[in-house]
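Only this structure's heavy atoms are used, side chains among them; waters, hydrogens and symmetry mates stay out. The model shown is predicted, which means the values in this text are computed figures rather than measured ones.
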Amino acid sequence: MTALSALWMPIILSAVLVFLVSSVIHMASPWHKTDFPRFPNEDKVLDALRPLAIPPGDYFMPRAMSTKEMGSPEFVARMNKGPVVLMTVMPNGVMSMARSLSMWFVYSLVIAFFAAYVASRALGTGATYLEVFRFVGVTVFLSYSAALWHVSIWYRRAWNLTIKATVDALIYAGLMAGAFGWLWPK
């Protein structure tokens, strides 16, 4: 077992590395540029939605209020008529990148902390680079990727988005695992 307090340096460094590399992946490379295509007739749709003053939140339409209603001919007809929509409404105004980037960095710190915890319980001081890489890498990969798949399974989020994010998670796992393996206490 390794003291968690001995791992503060790889926790911080790995979170910084993921933050920097993810910024390059999302802002400087074309990898995610086509994730969300422009909505057909976007202006018409926005003009139709605006007067409804929909509060920020996640919505599913048409929405049955019970399993009994889901089986009713009326609800089945509404589903067949379409469109079937899963939608997130965000607050009006320009999205704050500072807030999102800050939250992303804190999220990466939390993942690094949990990876450190798992590895520190399993490995002692002086563990080899590969042992550390394996424990941290799997923990980080699962942390960044596993929860994404159910969104494509249940809510039909485009599989290409989930697969791209899974590849991103593999990169982040390699970065964090490498930092931990390099800075693991001897």
Side-chain angles (χ1 to χ4, degrees), residues 1-37 56-60 86-91 95-186:
M1 193 176 334
T2 301
L4 201 51
S5 60
L7 300 175
W8 67 269
M9 182 71 134
I11 291 170
I12 293 170
L13 177 64
S14 66
V16 168
L17 287 172
V18 165
F19 182 83
L20 294 173
V21 170
S22 69
S23 295
V24 170
I25 289 171
H26 284 86
M27 292 185 238
S29 80
W31 179 241
H32 288 284
K33 296 288 186 230
T34 60
D35 284 356
F36 295 95
D58 296 311
Y59 299 93
F60 192 94
L86 177 62
M87 174 174 73
T88 298
V89 176
M90 296 190 274
M95 195 168 107
S96 168
M97 288 303 288
R99 179 181 182 273
S100 295
L101 289 170
S102 298
M103 290 174 65
W104 174 248
F105 181 70
V106 169
Y107 179 65
S108 293
L109 277 173
V110 169
I111 288 174
F113 175 82
F114 280 112
Y117 175 78
V118 169
S120 72
R121 301 303 92 180
L123 304 170
T125 301
T128 67
Y129 178 91
L130 191 54
E131 289 173 315
V132 174
F133 192 96
R134 210 172 50 229
F135 272 94
V136 172
V138 168
T139 303
V140 171
F141 177 71
L142 289 173
S143 297
Y144 280 112
S145 69
L148 302 173
W149 286 73
H150 81 274
V151 179
S152 288
I153 293 167
W154 287 101
Y155 302 113
R156 298 191 183 169
R157 180 180 187 191
W159 278 102
N160 69 318
L161 294 176
T162 299
I163 291 167
K164 284 181 185 179
T166 301
V167 171
D168 293 349
L170 191 59
I171 294 167
Y172 306 157
L175 289 168
M176 282 195 170
F180 273 88
W182 173 47
L183 295 171
W184 194 262
K186 302 298 176 222

Does atom [atom1] ([X]) have a neighbourhood of more than 12 heavy atoms from anything else shown, all under 6.0 Å?
| X | atom1 | value |
| --- | --- | --- |
| F113 | CZ | no |
| M87 | CE | yes |
| Y59 | OH | yes |

Any side-chain heavy-atom pair from [X] and [Y] closer than 4.5 angstrom?
| X | Y | answer |
| --- | --- | --- |
| V16 | F105 | yes |
| M176 | V18 | yes |
| I171 | L175 | yes |
| S143 | F114 | no |
| I25 | H32 | yes |
| L123 | W184 | yes |
| F36 | L161 | yes |

Roughly how far apart are [X] [atom1] and [Y] [atom2], rounded to 0.5 Å?
| X | Y | atom1 | atom2 | value |
| --- | --- | --- | --- | --- |
| Y117 | F135 | OH | CZ | 13.0 Å |
| S152 | I163 | OG | CD1 | 8.0 Å |
| I111 | T139 | CD1 | OG1 | 10.5 Å |
| T34 | K164 | OG1 | NZ | 3.5 Å |
| Y144 | Y107 | OH | OH | 7.0 Å |
| S108 | I12 | OG | CD1 | 13.0 Å |

Does the side chain to side chain contact (heavy atoms under 4.5 Å, CB included) test come out yes or no for V167 and W31, once each step is laid out? CA-CA 11 Å; V167 171; W31 179 241; 4.0 Å; yes
Could you report the tightest heavy-atom contact between [X] and [Y], atom names first, then the distance?
| X | Y | answer |
| --- | --- | --- |
| A179 | P10 | O-CB, 4.1 Å |
| V140 | A173 | CG1-CA, 3.5 Å |
| A112 | I11 | CB-O, 3.6 Å |
| S100 | M95 | OG-CE, 4.0 Å |
| L7 | A116 | CD1-O, 3.7 Å |
| A115 | V136 | CB-CG1, 4.0 Å |

Main-chain N/O of Y129 paired with W182 side-chain donor or acceptor, under 3.5 Å: no
Expected output: side-chain T125 to main-chain T2 donor-acceptor under 3.5 Å: no
Compute the ring centroids of W159 and W149, then answer whether they are less than 6.0 Å apart. yes
Between D168 and H26, does a side chain to side chain contact (heavy atoms under 4.5 Å, CB included) hold up when you go through it step by step? CA-CA 10 Å; D168 293 349; H26 284 86; 3.7 Å; yes
Please assess T166 against F141 for the test side chain to side chain contact (heavy atoms under 4.5 Å, CB included), listing each intermediate value before the final yes or no. CA-CA 8 Å; T166 301; F141 177 71; 3.7 Å; yes
